[in-house]
Number of protein chains: 2
Amino acid sequence: MRVRLEDVARAANVSPKTVSRVLNDEANVTDATRQRVRAAMEAMDYRPHPSARSLAGNRSFLVAMLYDNNDNPASTYLAEIQDGVLEACDAHRYSMMVRPLRMRGGDFIRRFDALISDHHPDGVVLTPPITDYAPLLKRLRESNVPYASVSPQRRGKVIGVTMDEQRAARAIVEHLLGLGHRRIAHVIGIADHGASRWRLAGYREAMAAAGLPEDPAMVVQGAFTFGSGVEAARQLFSLAERPTAVFAANDDMATGVMWAAGEYGLKVPHDLSVCGFDDTPLSRQLWPALTTIQQPSREMGKIAAEQLLGALRGHGAGQLVQVPFVLQIRGSTAAVP
Amino acid sequence: MRVRLEDVARAANVSPKTVSRVLNDEANVTDATRQRVRAAMEAMDYRPHPSARSLAGNRSFLVAMLYDNNDNPASTYLAEIQDGVLEACDAHRYSMMVRPLRMRGGDFIRRFDALISDHHPDGVVLTPPITDYAPLLKRLRESNVPYASVSPQRRGKVIGVTMDEQRAARAIVEHLLGLGHRRIAHVIGIADHGASRWRLAGYREAMAAAGLPEDPAMVVQGAFTFGSGVEAARQLFSLAERPTAVFAANDDMATGVMWAAGEYGLKVPHDLSVCGFDDTPLSRQLWPALTTIQQPSREMGKIAAEQLLGALRGHGAGQLVQVPFVLQIRGSTAAVP
DNA sequence: GGCAGAAATGACAGCGCTGTCAATTTGCTC
DNA sequence: GAGCAAATTGACAGCGCTGTCATTTCTGCC
């Protein structure tokens, strides 16, 4: 009923071991043999049994994607990364499992250990903000589990993928400056996330480069949520000297800012320019549509997984790939009145 | 290094097969033996090797969660279901994999077959809208793969979980009626989704029960997105006789309606009551917070998975469980002026 | 053509469990 | 306490692959 490796071997007139070699792209098989075996596999629609491979070969062909489900970033961001990781895993015939890992709460490491001993993933993909949680990284190294990170803060010899968020933030603030804005506010994301730090740094860099002294009142803490954007904006709009533009550290907060602008009777972009970061689907649905930074999350998930898989399969060590951003200029920003 | 079943057997002074029986909760083991074995497992922190179990036992301990990534519903909804499914799988020591399955495009069935022959899931969880895609259901039955559905439209002998969405929709419209509203509009979701149909049916039922004739202008097509809510609302607000309340088929569209209300200078809830459906995190962050129906998505994912797992483990056939909804009355609805 | 060394191929055991079925023990009945 | 059925336990093979190492075949070179 099921086609086994042995059946393919018989059909191709080679030993099972040779079929195994072809299956695993090992060396020391002549092209002629390789092709004969490949043809037989194809003809018989052979599908290796993952458990058998895993048991005999002592590897699981499994990649686990870890995320924090306390402080999780916008779930659409994670969903996109997940999609990308999945795509890469599929292409390499690996399977993927997702693991929420509550960082608060002490049994974090125990749960991680359970993941390893229960499922034996060959490698792990880390997503923000757990890319930089030191105890986890330590444990990963101790257990000798290879991993790749999406947007890690520390850039040591980590493999994975990043975007130059600081430069992107700077670019978007420069866009506002170019429109004549001077009183530009910034709404920060959750404090210890790399994303928040880089975006703030980019804002400061652009302002400083334009020779504008930092006004503390113009920088307000948010928490990456719509609601926190509303709050932050209300704070800004109650100021004697309101900003003429607000750069929020993500689109959800930017949407909140636009919402609050409505409350205060400020028309976007006529009275206030607003921009965000991430280019979530939401940003295009708003009216006016949001000027933002397109971060290719799906692609980033894919790249991180590819770096990991490459390293797993011994194709070099894997790198920290930097992907380009795109400044999406849309209707929510305009020249200062 | 790794603790194997054989080691546990030796420690408990029984045969490996007996340990296996305890591991799998099989019958015909005396309580004394069972406890001795359990104690040994505990003491040695024994973790069965999933691949070995799977290979020998001809089952994968794997549940696949299928979703459509074309027309996907709000990604937060899927993320919550995924979380619930994962929780149930973890509790039963099953693993879970997620599979996007593009319904448009002809190779749908082929991709499904590949999933089965590559990964051999013991069962499958179906999420809207693919709970009712006939070719898939047919193939699932042919391949003899057990499945459970989240909010299926057809209620035959399907197992899984539902919520009485029609009654919930009726309840929310009755809430509006109770506040004195008569011109109540409805924004429909994507046409062929069960969710859209039930919510529309509940709306009609409530209106009819209140003796109000249906006004076609009050029922507008949307597509479950924020943007479609904005569009629909603009259409409603341009009417000579505006609605005093809008019931949108989900929270994203309701948010869009509130947005558009701002554009038209309508204050919510003073000039317009708005309500949604789903109780997404967004709905609490809005100002005013949204009156909506709390649909326990996470819980529903968990229940669907539990029904599936129960059936897989032979604890009866599994049922179609109906979960209760909660009408969350918040600031976005008020008495008609 | 003969030889050493490299490349290609194969034989075989075994990964860690569970299915099957046989052996043993237990609990009952008379 | 013998006799029998039911419950419990165990022996053993084998799930479908891959690691190890032995064997065969090919290469280049004198």
Side-chain angles (χ1 to χ4, degrees), chain A residues 1-38 40-41 44-62 93-95 117-120 122 312-314, chain B residues 1-38 40-41 44-62 93-95 117-120 122 312-314:
Chain A
M1 112 135 219
R2 180 187 181 84
V3 179
R4 287 155 309 146
L5 181 138
E6 192 195 337
D7 305 321
V8 176
R10 205 177 350 254
N13 198 31
V14 292
S15 74
K17 178 67 215 189
T18 297
V19 179
S20 166
R21 273 190 271 257
V22 173
L23 185 62
N24 294 289
D25 282 324
E26 285 173 27
N28 297 334
V29 181
T30 54
D31 278 351
T33 309
R34 200 179 290 274
Q35 290 194 3
R36 193 150 36 94
V37 172
R38 287 242 170 82
M41 284 177 168
M44 307 173 82
D45 191 29
Y46 169 67
R47 308 285 185 152
H49 193 299
S51 301
R53 287 227 287 171
S54 157
L55 183 59
N58 197 32
R59 32 195 275 188
S60 59
F61 298 95
L62 210 205
R93 305 194 140 257
Y94 269 66
S95 32
S117 51
D118 282 343
H119 302 282
H120 307 278
D122 288 341
L312 289 180
R313 313 176 106 207
Chain B
M1 116 132 217
R2 179 189 181 83
V3 180
R4 287 156 310 145
L5 181 138
E6 192 194 337
D7 305 320
V8 176
R10 207 178 346 258
N13 197 31
V14 293
S15 74
K17 178 66 216 190
T18 298
V19 179
S20 166
R21 274 191 271 256
V22 173
L23 185 63
N24 293 290
D25 282 325
E26 284 173 27
N28 297 334
V29 182
T30 53
D31 278 351
T33 310
R34 200 180 291 273
Q35 290 194 4
R36 194 149 35 92
V37 173
R38 286 242 169 82
M41 284 178 168
M44 308 174 80
D45 191 30
Y46 168 66
R47 308 284 187 153
H49 194 300
S51 301
R53 289 230 282 173
S54 157
L55 183 59
N58 197 31
R59 32 196 277 190
S60 59
F61 297 94
L62 210 207
R93 305 193 140 258
Y94 268 66
S95 31
S117 50
D118 282 343
H119 301 281
H120 307 279
D122 288 341
L312 288 181
R313 312 175 106 206

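Per chain, numbering begins at 1; letters A, B, ... match sequence-line order. Atom set for the values below is all heavy atoms of this structure, side chains included, hydrogens, waters and symmetry mates excluded.
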- line: The correct set of residues in residues 27-38 of chain A placing a heavy atom under 4.0 Å from DNA chain D is none
message: Just so I know, are the side chains of B/L5 and B/V8 near enough to count as touching, which here means a heavy-atom distance under 4.5 Å?
response: no
- prompt: How many Å lie between CE on B/M44 and P on C/dG16, as a whole number?
  reply: 14 Å
- request: State plainly whether the residues B/R47 and B/D7 are in salt-bridge range, i.e. N to O under 4.0 Å.
  value: no
field: Distance-only polar pair, side chains of A/S51 and B/S51, donor-acceptor under 3.5 Å
entry: no
- prompt: Does some side-chain heavy atom of A/R53 sit less than 4.5 Å from a side-chain heavy atom of A/S20?
  reply: no
- request: Please state how far atom CG in A/L5 lies from atom P in C/dC15, giving the value in whole angstrom units.
  value: 19 Å
query: Quick one: B/L55 CG to D/dT18 C1', roughly how many Å, whole number?
result: 12 Å
task: Report the distance from atom NE2 of B/H119 to atom OG of B/S54, rounding to the nearest 0.5 Å.
output: 12.5 Å
What does the list of N/O pairs under 3.5 Å between the protein and nucleotides 24-28 of chain D look like, with a distance for each?
none

query: Does some side-chain heavy atom of B/L62 sit less than 4.5 Å from a side-chain heavy atom of B/D122?
result: no
query: How close or far is atom P of D/dC21 from atom CD of A/E26, stated in whole angstroms?
result: 15 Å
- prompt: To the nearest angstrom, how far is B/D25 atom CG from C/dC17 atom P?
  reply: 16 Å
message: Side chains of A/R38 and A/Y46, heavy atoms from C-beta outward: is any pair under 4.5 Å?
response: no
task: Could you tell me whether A/R2 and A/D45 make a salt bridge, using a distance below 4.0 angstrom between a side-chain N and a carboxylate O?
output: no
Reported OG1-to-CG distance for the pair B/T18 and B/L23, which is rounded to 0.5 angstrom: 12.0 Å
- request: Could you check how far NE2 of B/H49 sits from P of D/dT18, rounded to whole Å?
  value: 14 Å
message: Is there a side-chain contact between B/T33 and B/V14 in this structure, where contact means two heavy atoms from C-beta onward sitting under 4.5 Å apart?
response: yes
- prompt: Which whole-number value in Å describes the distance from A/D118 CG to C/dG16 P?
  reply: 16 Å
message: Under 4.0 Å from OP1 or OP2 of C/dT18: is there any side-chain N or O of B/R53 that close?
response: yes
- prompt: Could you give the distance from OG (A/S95) to CG (B/D118), rounded to the nearest 0.5 Å?
  reply: 9.0 Å
Nucleic acid contacts - residues 14-24 of chain B versus DNA chain D, non-hydrogen atoms under 4.0 Å: B/V14, B/S15, B/K17, B/T18, B/R21
- prompt: Whole-Å distance between C/dG10 C1' and A/E6 CD?
  reply: 14 Å
task: Answer yes or no: does a side-chain N or O of A/Y46 lie under 4.0 Å from OP1 or OP2 of D/dG16?
output: no
